[in-house]
Novice: 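Dropping a structure here in C-alpha cells format, bear with me for questions.
Counting starts at 1 for both ligands and their atoms, in listed order. For reference, positions follow the sequence shown, starting with 1. Note that this is a predicted model, so its numbers are computed, not measured.
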Amino acid sequence: MSVLNEIAENLMKGKANDVKQLVEQALSDGIEPGSILTEGLLAGMGVIGARFKNNEVYVPEVLIAARAMKAGMEILQPKLAETGVEPLATAVVGTVKGDLHDIGKNLVCMMLEGAGFKVVDIGIDVESSKFVEKAIENNAKIIGVSALLTTTMTNMKGVIDDVKASELKDTARVMIGGAPVTQAFCDEIGADGYAADAASASDLAKELVASIEG
Ligand code: B1M
C-alpha cells in the first residue's frame with residue numbers, strides 16, 4: 001500500500017499518532033504537500049463523511065477521524081503554507097444568539113476543514129452582527145449558522161437579513177443546520193442552503209462556493 005493510502009486508512013481508523021508519522025514519512029519521501037493533503041488526509045476524511053451520511057459510522061468515529069486529521073494537518077500546515085496551497089474558501093461558522101449547543105457545530109467545522117476549507121469558528125451564542133463582522137474580516141464565502149432550539153432557530157433570520165444588508169450580499173452564501181431546522185424553514189427565511197448533517201454540510205458548502213464563482 002502506498003504511504004498516501006496508508007494515511008487515508010489510518011485516518012479513517014482514527015489513529016492520530018500513525019497519521020502524524022506517516023505524514024512525516026511522506027514528506028521525507030519527497031511527496032508534494034498538496035498530494036498528501038488531497039490523496040491522503042482529505043481522501044480518508046471524504047470516506048468517513050460518506051459513511052457518516054449513510055449511517056455506517058457515528059459521531060464518535062467522526063470525532064476520532066477528525067482528531068487524526070488534525071494531527072496530520074499540524075505537520076502538513078507549515079509545508080502547505082510554504083508551497084502556497086490555497087484553502088478552497090473560508091467559512092465562518094457559529095451557533096445563533098441564545099443557543100449554547102456546539103457539538104453539531106463543531107462536527108460541521110471539522111468536516112469543512114476535512115473538505116479543504118479554512119474554518120473560522122466564532123463559537124456559541126453569537127449575535128447576527130458578529131457573523132457579518134467576522135465574515136467581512138476573514139473574506140469568507142460561507143457563513144454557517146447552527147441552531148438546536150426551536151426558540152433560537154428564529155434568530156437565523158436575523159443573520160440572513162444582516163448579510164443581505166451588507167457588502168457580503170453577492171460574495172457570500174449562508175447555510176443553516178441543526179436538529180430542528182428543515183429545508184422548508186430554510187426556504188421560509190431565505191437562507192442559501194440547508195444541510196441535515198455535517199457531511200452534507202461540507203458538500204453543500206462546496207456547491208455554494210461554486211455557485212458564487214460560476
Ligand atoms: Co439541549 N436541548 N438544551 N443541551 N440538548 C436539545 C437540543 C433538546 C432536543 C433535548 C430535548 O428536550 N429532547 C431540547 C430542544 C427542544 C427544542 O427546542 N425543540 C434541548 C433543550 C430544551 C435544552 C435547554 C433549554 C435545557 C434547559 O436548560 N432547560 C438548554 C438550552 C441551553 C441554551 O442553548 N440556551 C439545553 C442545554 C444543553 C446542554 C448544555 C446540557 C447540552 C449542550 C452541550 C454542548 O453542545 N456543548 C445539551 C445537549 C447535549 C442536548 C442534546 C441531548 C444533544 C445535542 C447534540 O449535541 N447532538 C439534544 C437532544 C438531542 O438532539 N437528542 C438537546 C449531537 C449533535 C452531533 O447533533 O447538534 O443535531 P446536532 O448536529 C447535527 C445536525 O443537526 C447537523 O450536523 C450535526 C452532525 O451531523 N448540524 C448542522 C448542526 N448544526 C449544523 C449547521 C449546519 C449544517 C448542519 O450548517 C451551518
Novice: Q183 and D187: side-chain donor and acceptor closer than 3.5 Å?
Specialist: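 Yes.
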Novice: Report the nearest protein non-hydrogen atom to atom 78 (C) of ligand 1: residue, atom name, distance rounded to 0.1 Å.
Specialist: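 I find the closest protein heavy atom is G104 CA, 3.8 Å.
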Novice: Is there a polar contact between ligand 1 and A195, counting only N or O atoms under 3.5 Å apart?
Specialist: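 A195 vs ligand 1: no N/O contact under 3.5 Å.
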Novice: Are L27 and P33 close enough that some pair of their side-chain heavy atoms sits under 4.5 Å apart?
Specialist: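 They are in side-chain contact.
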Novice: Check each of I176, L148, I124 against atom 7 (C) of ligand 1 and report the one with the nearest heavy atom.
Specialist: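 The residue whose heavy atom sits nearest atom 7 (C) of ligand 1 is L148.
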Novice: Distance from S202 atom OG to L88 atom CG, nearest 0.5 Å?
Specialist: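 Taking OG in S202 and CG in L88, the distance rounds to 10.0 Å.
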Novice: For atom 17 (C) of ligand 1, is some protein heavy-atom partner under 4.0 Å away?
Specialist: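 Flag for atom 17 (C) of ligand 1 set to true, protein heavy atom closer than 4.0 Å.
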Novice: Hey, could you give me the NZ/CG distance between K206 and L204, rounded to the nearest 0.5 Å?
Specialist: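 The distance works out to 11.0 Å.
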Novice: Looking at ligand 1, does any of its N/O atoms fall within less than 3.5 Å of an N/O of S146?
Specialist: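 Looking only at distances, the answer is yes, because the N/O contact criterion of under 3.5 Å is met.
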Novice: With a 4.0 Å cut-off on heavy atoms, is A196 in contact with ligand 1?
Specialist: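 Right, A196 reaches ligand 1.
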Novice: Hydrophobic clusters here meaning ILVMFWY residues chained together by side-chain heavy-atom distances under 4.5 Å, can you tell me if V132 and V92 are in one?
Specialist: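 Both belong to a single hydrophobic cluster.
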Novice: Would you mind listing which atoms of ligand 1 come within a distance below 4.0 Å of any non-hydrogen atom of D197?
Specialist: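 Atoms satisfying the 4.0 Å criterion: 76 (C), 77 (O), 80 (O).
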Novice: What atoms in ligand 1 come closer than 4.0 Å to a heavy atom of T150?
Specialist: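 Atoms satisfying the 4.0 Å criterion: 17 (C), 18 (O), 19 (N).
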Novice: Would V93 count as a contact of ligand 1 if the rule is a heavy atom under 4.0 Å away?
Specialist: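 Distance cut 4.0 Å: V93 fails for ligand 1.
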Novice: Checking the N or O distance criterion of under 3.5 Å, is ligand 1 in contact with T151?
Specialist: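 Such a contact does not occur with ligand 1.
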Novice: Measuring to protein heavy atoms, does anything land under 4.0 Å from atom 59 (C) of ligand 1?
Specialist: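 It does not; no protein heavy atom is within 4.0 Å.
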Novice: Below 4.5 Å, heavy atoms only, C-beta onward: do V163 and F131 meet side chain to side chain?
Specialist: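 No, every pair of side-chain atoms sits at 4.5 Å or beyond.
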Novice: Do the side chains of E137 and K134 get close enough for a salt bridge, i.e. N-O under 4.0 angstrom?
Specialist: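 Looking at K134 together with E137, the answer is yes, because their closest N to O distance falls below 4.0 Å.
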Novice: What I want to know is whether F52 and ligand 1 share at least one N or O pair that is separated by under 3.5 angstrom.
Specialist: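 Such a contact does not occur with ligand 1.
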Novice: Just to check, does P180 reach to within less than 4.0 Å of ligand 1 when the distance is taken from its heavy atoms?
Specialist: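 P180 does not count as a contact of ligand 1 under the 4.0 Å cut-off.
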Novice: Is any heavy atom of the protein nearer than 4.0 Å to atom 41 (C) of ligand 1?
Specialist: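 For atom 41 (C) of ligand 1 the answer is no, since every protein heavy atom stays at 4.0 Å or beyond.
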Novice: Kindly indicate whether atom 76 (C) of ligand 1 is approached by any protein heavy atom to under 4.0 angstrom.
Specialist: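 Under the 4.0 Å cut-off, atom 76 (C) of ligand 1 does have protein heavy-atom neighbours.
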Novice: Considering both backbone and side-chain atoms of V108, is one of its nitrogen or oxygen atoms within less than 3.5 Å of a nitrogen or oxygen in ligand 1?
Specialist: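 Between V108 and ligand 1, no N or O pair is found under 3.5 Å apart.
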Novice: Does the side chain of S200 pick up a donor-acceptor pair with the side chain of D203 at under 3.5 Å?
Specialist: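 No, D203 and S200 have no side-chain donor paired with an acceptor closer than 3.5 Å.
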Novice: Look up atom 28 (O) of ligand 1 and tell me if a protein heavy atom lies less than 4.0 Å from it?
Specialist: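 When distances to the protein are checked, atom 28 (O) of ligand 1 has no heavy atom within 4.0 Å.
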Novice: Strictly less than 4.0 Å: does any protein heavy-atom distance to atom 49 (C) of ligand 1 fall in that range?
Specialist: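 Yes, there is one.
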Novice: Are any non-hydrogen protein atoms located under 4.0 Å from atom 63 (N) of ligand 1?
Specialist: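 Within 4.0 Å of atom 63 (N) of ligand 1, no protein heavy atoms are found.
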Novice: Taking the side chain as everything from C-beta on, heavy atoms only, tell me whether M175 gets closer than 4.5 Å to V145.
Specialist: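 The answer is no, as the side chains (C-beta and beyond) never meet within the 4.5 Å cut-off.
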Novice: Report the part of T152 in contact with ligand 1, treating N, CA, C, O as backbone and CB onward as side chain, heavy atoms under 4.0 Å; options are side chain, backbone, both, neither.
Specialist: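 Neither; no heavy atom under 4.0 Å.
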Novice: Only heavy atoms count here, so choose which of I143, D125, L112, I103 is nearest to atom 44 (C) of ligand 1.
Specialist: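 Selected option, by shortest heavy-atom distance: I103.
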Novice: Nearest heavy atom to atom 31 (C) of ligand 1: which of V174, L100, V181, L149 does it belong to?
Specialist: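 The residue whose heavy atom sits nearest atom 31 (C) of ligand 1 is L149.
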Novice: Going by the atom numbers of ligand 1, which of them fall below 4.0 Å from some non-hydrogen atom of G144?
Specialist: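 Answer for ligand 1: 91 (C).
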Novice: Hey, is atom 89 (C) of ligand 1 under 4.0 Å from any protein heavy atom?
Specialist: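 Yes; the ligand atom in question has protein heavy-atom contact below 4.0 Å.
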Novice: Are any of the side-chain heavy atoms of V19 and L41 separated by less than 4.5 Å?
Specialist: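 Yes; the side chains approach each other to less than 4.5 Å.
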Novice: Atoms of ligand 1 less than 4.0 Å from A179 heavy atoms?
Specialist: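 Here the atoms of ligand 1 in question are 70 (O), 75 (O).
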Novice: Scan side-chain atoms only and decide if N138 and T90 contain a donor-acceptor pair under the 3.5 Å cut-off.
Specialist: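 No pair is found: no donor N or O on one side chain lies under 3.5 Å from an acceptor on the other.
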Novice: Provide the number and element of each atom of ligand 1 under 4.0 Å from a heavy atom of D99.
Specialist: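 Going through ligand 1 atom by atom, the ones under 4.0 Å from D99 are 34 (O).
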Novice: Numbering the atoms of ligand 1 from 1, which are under 4.0 Å from a heavy atom of G178?
Specialist: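 Ligand 1 atoms under the 4.0 Å threshold to G178: 75 (O), 81 (N), 82 (C), 83 (C), 84 (N), 85 (C).
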Novice: Is there a polar contact between ligand 1 and L107, counting only N or O atoms under 3.5 Å apart?
Specialist: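 For ligand 1, there is no N or O atom that lies under 3.5 Å from one belonging to L107.
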